[in-house]
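Heads up, the thing below is written out as structure tokens.
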Amino acid sequence: MVVPFEIEIALEEAAHAALLKGWGVDRIELCANLAEGGLTPTFGQSSEVVHATELPVYAMLRARAGDFKYSTSEKRQMLTDLEKLATSGIQGIVFGALNPNQTIDQDFCDSLIFQAKKLGLGTTFHRAFDVCANPEKAMEYLINRGVDRILTSGFQPSCQQGIQGIARTVAQAKGRISIQAGSGVNADIVSELWRTGIRAFHATARYWEQDEQHLGFEGRWMPDEDKIKALRREVDRCSKN
């Protein structure tokens, strides 16, 4: 029996989105500025990506780089972005916000979740989870609010370093919420993640393509077909064993 799983790839460009279904990808996380960990995409960017692919697109809601403690102005901005991006055809949002004491900012997250559900959008709580002061309590809050999934690296910089934390998180979830592994996910670590109970995988899987200009604008990030296909092959293999 084949066990269900999902592979999500983070990207910025519509031209890249058009390639991914044929490479075995199940969902797209759309961001601006992945170099900063992913920020809110523009409406135009979102519209083009949705138009370019049949895959479901989840848009990042993150007003700026840095920590996840947002000002009143930034919160208004993110709620406005949510309303606007929903009209582009996205199927979900990726979000996370914390209080100064590293607990989840429940008032703001409640507003985002309420609006997302009202607009028929799915929800992923991103790696703000990994720096929560009490991740066990944070998970129960997210489950109670009906959030679909948590993206985590097991409270470490990479999922390879955080295997034990990921295993504890999956064990606590008990299937009540999807736990998605991210940060350093590739074919080499899939089997180890699979043994923890992970069935959702998030990766960037890209490489830097240099060009011949030398004015500070040279080069661009490109999706790595070989890495993505290798990831899919290994997940397929684990799902059949």
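Everything numeric here is computed off the predicted structure, so don't read it as measured data.
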Could you go step by step and tell me if T103 and N134 meet the side chain to side chain contact (heavy atoms under 4.5 Å, CB included) rule? CA-CA 7 Å; T103 59; N134 188 332; 5.8 Å; no

Would you name the heavy atoms of [X] and [Y] that are closest together and state the gap between them?
X	Y	answer
P56	Q91	CB-OE1, 3.5 Å
A59	P41	CB-CG, 4.1 Å
C31	M60	SG-CB, 3.8 Å
W23	P223	CZ3-CB, 3.8 Å
A203	V185	CB-O, 3.7 Å
I7	G24	CD1-O, 4.1 Å

Nearest-0.5 Å distance that lies between atom [atom1] in [X] and atom [atom2] in [Y]:
X	Y	atom1	atom2	value
L82	L119	CG	CG	6.0 Å
I143	Q172	CD1	CD	6.5 Å
K75	C109	NZ	SG	8.5 Å
S153	H202	OG	NE2	10.5 Å
T40	R64	OG1	CZ	11.0 Å
R220	H16	CZ	NE2	4.5 Å

Counting heavy atoms not belonging to [X], are there more than 12 under 6.0 Å from its [atom1]?
X	atom1	answer
Q161	CD	yes
E54	CD	no
K69	NZ	yes
Q45	CD	yes

[Y] backbone acceptor or donor facing [X] side chain under 3.5 Å:
X	Y	value
S88	L85	yes
E234	L231	no
R195	I198	no
Q77	E74	no
D148	T123	yes
N99	I104	yes
S183	P157	yes
Q115	L79	no
T204	R206	no
T87	E83	no

Using side-chain heavy atoms (C-beta onward) and a distance below 4.5 Å, is [X] in contact with [Y]?
X	Y	value
L98	V131	yes
R27	Q180	yes
M78	F108	yes
Y58	I28	no

Residue pairs passing the ring-ring contact (aromatic ring centres under 6.0 Å, His included) test where at least one lies in residues 145-195, sequence neighbours excluded: F129-F155

Under the rule for ring pair (Phe, Tyr, Trp, His ring centres under 6.0 Å), what residues qualify as partners of F68, not counting sequence neighbours?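 F68: ring pair (Phe, Tyr, Trp, His ring centres under 6.0 Å) contacts with H126.
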
Are [Y] and [X] connected in a single hydrophobic cluster, I mean Ile/Leu/Val/Met/Phe/Trp/Tyr linked by side-chain heavy atoms less than 4.5 Å apart?
X	Y	answer
I177	F201	yes
V94	L142	no
I228	F5	yes
V190	I166	yes
I93	V49	yes

Just to verify, which of E8, E6, E29 counts as forming a salt bridge (Lys or Arg N to Asp or Glu O under 4.0 Å) with R149? E6

Before you tell me yes or no, could you show the steps for T169 and M139 under side chain to side chain contact (heavy atoms under 4.5 Å, CB included), namely the whole-Å CA-CA distance, both residues' side-chain angles and the distance that decides it to 0.1 Å? CA-CA 9 Å; T169 301; M139 183 192 292; 3.3 Å; yes

Show your reasoning for whether side chain to side chain contact (heavy atoms under 4.5 Å, CB included) applies to L39 and R62. CA-CA 5 Å; L39 304 180; R62 187 172 173 226; 4.0 Å; yes

Using a distance-only test with no angle check, is there a side-chain donor-acceptor pair under 3.5 angstrom linking T152 and R127?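 On atom types as modelled, these side chains do not qualify, holding no pair under 3.5 Å.
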
Can you find a side-chain donor-acceptor pair between Y141 and D110 that sits under 3.5 Å? yes

In plain terms, say whether [X] and [Y] are close enough for a salt bridge, that is, a side-chain N and a carboxylate O under 4.0 Å apart.
X	Y	result
R176	E140	yes
K21	D26	no
D236	K240	no

Quick check: F125 with F95 (ring centres under 6.0 Å apart)?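 Distance test on ring centres: under 6.0 Å, yes.
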
Evaluate the criterion side chain to side chain contact (heavy atoms under 4.5 Å, CB included) for residue pair V147 and I113; output intermediate values, then yes/no. CA-CA 8 Å; V147 172; I113 295 165; 3.6 Å; yes

Can K84 be said to sit on top of F43's aromatic six-ring, NZ or CZ under 6.0 Å from centre and within 45° of the ring axis?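 K84 over F43 ring: yes.
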
